[in-house]
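When reading the values below, keep in mind they use all heavy atoms of this one structure, side chains included, and skip hydrogens, waters and symmetry mates. Keep in mind the model is a prediction, meaning the values are calculated, not measured.
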Amino acid sequence: MKKGMAVLFAVILMTSTAACQKDAGEEIQKRYQEMESYTAVVDLTVTGNKGAREYQLSQSFRRPEHYRTEILKPEHLKGTVSVIDEEKVWFRTQGAPAIELERSSTELPFDVMSVADFFDAYFALGEPEIELTEKQAILQIPFEDGSQELQLNLKTWMPECLRVFDGEEKERCRLDFVDFVLDAKVADGVFVP
């Protein structure tokens with residue numbers, strides 16, 4: 001009898017976990033599959049051979065491929081801006097004129113700091129598994145020589161943390177979202193370098 005109860009409990013637990021994952025997957029798809037824009041303020045930590053460096057950035061994104069990042073902190077880099085407008089890339093430092101750069105053909109097929117690019121790659125995987133904790137849905141995507149992980153708050157479904165790992169599973173980049181506005185109204189002028 002005890003063995004039968006244990007098996008029944010295991011089946012119920014597996015069924016409820018699968019149902020929760022399905023519900024989470026539907027919620028994520030509803031919110032992010034057709035995402036047109038977002039704005040965010042993020043605390044960025046980049047870890048390299050010389051240790052960790054910390055920054056604060058503002059991000060603006062609008063489809064099809066308009067993306068702007070501006071450094072807010074540290075003070076000596078404040079005002080440094082990069083703008084991607086489809087195939088063109090500009091870079092400007094603290095009031096200097098914008099410089100047009102050539103896009104590298106060796107870069108990853110997506111921007112590792114972009115929530116939009118994360119979801120494009122995530123949905124391209126088909127129906128990947130979602131890890132659910134008490135407070136978060138954790139999504140992962142592999143790429144050549146590494147992976148990415150996005151943590152969503154289960155109450156708001158907004159990004160809390162985006163992490164990038166190298167091929168040895170060492171965290172190289174971490175974006176902690178201070179503020180995230182989904183489908184924000186982003187004016188054309190934001191993407192002018």
Do NZ/NE/NH1/NH2 and the carboxylate oxygens of [X] and [Y] come within less than 4.0 Å?
X     : Y      : answer
Lys30 : Glu26  : no
Glu70 : Arg68  : yes
Arg62 : Asp188 : yes

Report yes or no: do [X] and [Y] belong to one cluster of Ile/Leu/Val/Met/Phe/Trp/Tyr joined by side chain heavy-atom distances under 4.5 Å?
X      : Y      : value
Leu139 : Trp157 : yes
Ile28  : Val181 : no
Ile71  : Phe91  : yes
Tyr67  : Val81  : no
Phe177 : Val186 : no

Taking Tyr32 as the fixed residue, which of Phe119, Tyr122, Tyr38, Phe118 is the one that meets the ring-ring contact (aromatic ring centres under 6.0 Å, His included) rule?
->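 In the set Phe119, Tyr122, Tyr38, Phe118, the residue that makes a ring-ring contact (aromatic ring centres under 6.0 Å, His included) with Tyr32 is Phe119.
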For [X] and [Y], work out which heavy atoms get closest and say how close.
X      : Y      : result
Ala116 : Met35  : CA-CE, 3.4 Å
Ala137 : Ile130 : CB-CG2, 4.0 Å
Asp43  : Val178 : OD2-CG2, 3.5 Å
Phe191 : Val83  : O-CG1, 3.3 Å

Please confirm whether the backbone N or O of [Y] pairs with a side-chain atom of [X], one donor and one acceptor, at under 3.5 Å?
X      : Y      : result
Arg63  : Ser37  : no
Asp166 : Glu169 : yes
Asp183 : Glu36  : yes
Ser147 : Phe165 : no

Atom CD1 of Ile138 and atom CD of Glu129: how far apart are they, to the nearest 0.5 Å?
->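 If we round to the nearest 0.5 Å, Ile138:CD1 and Glu129:CD are 12.5 Å apart.
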Mind running side-chain hydrogen bond (donor to acceptor under 3.5 Å, both in side chains) on Gln136 and Glu160 for me, showing each step along the way?
-> CA-CA 9 Å; Gln136 292 181 324; Glu160 290 186 332; 2.5 Å; yes
Taking it one step at a time, do Glu149 and Gln151 satisfy side-chain hydrogen bond (donor to acceptor under 3.5 Å, both in side chains)?
-> CA-CA 7 Å; Glu149 174 184 286; Gln151 300 168 4; 2.8 Å; yes
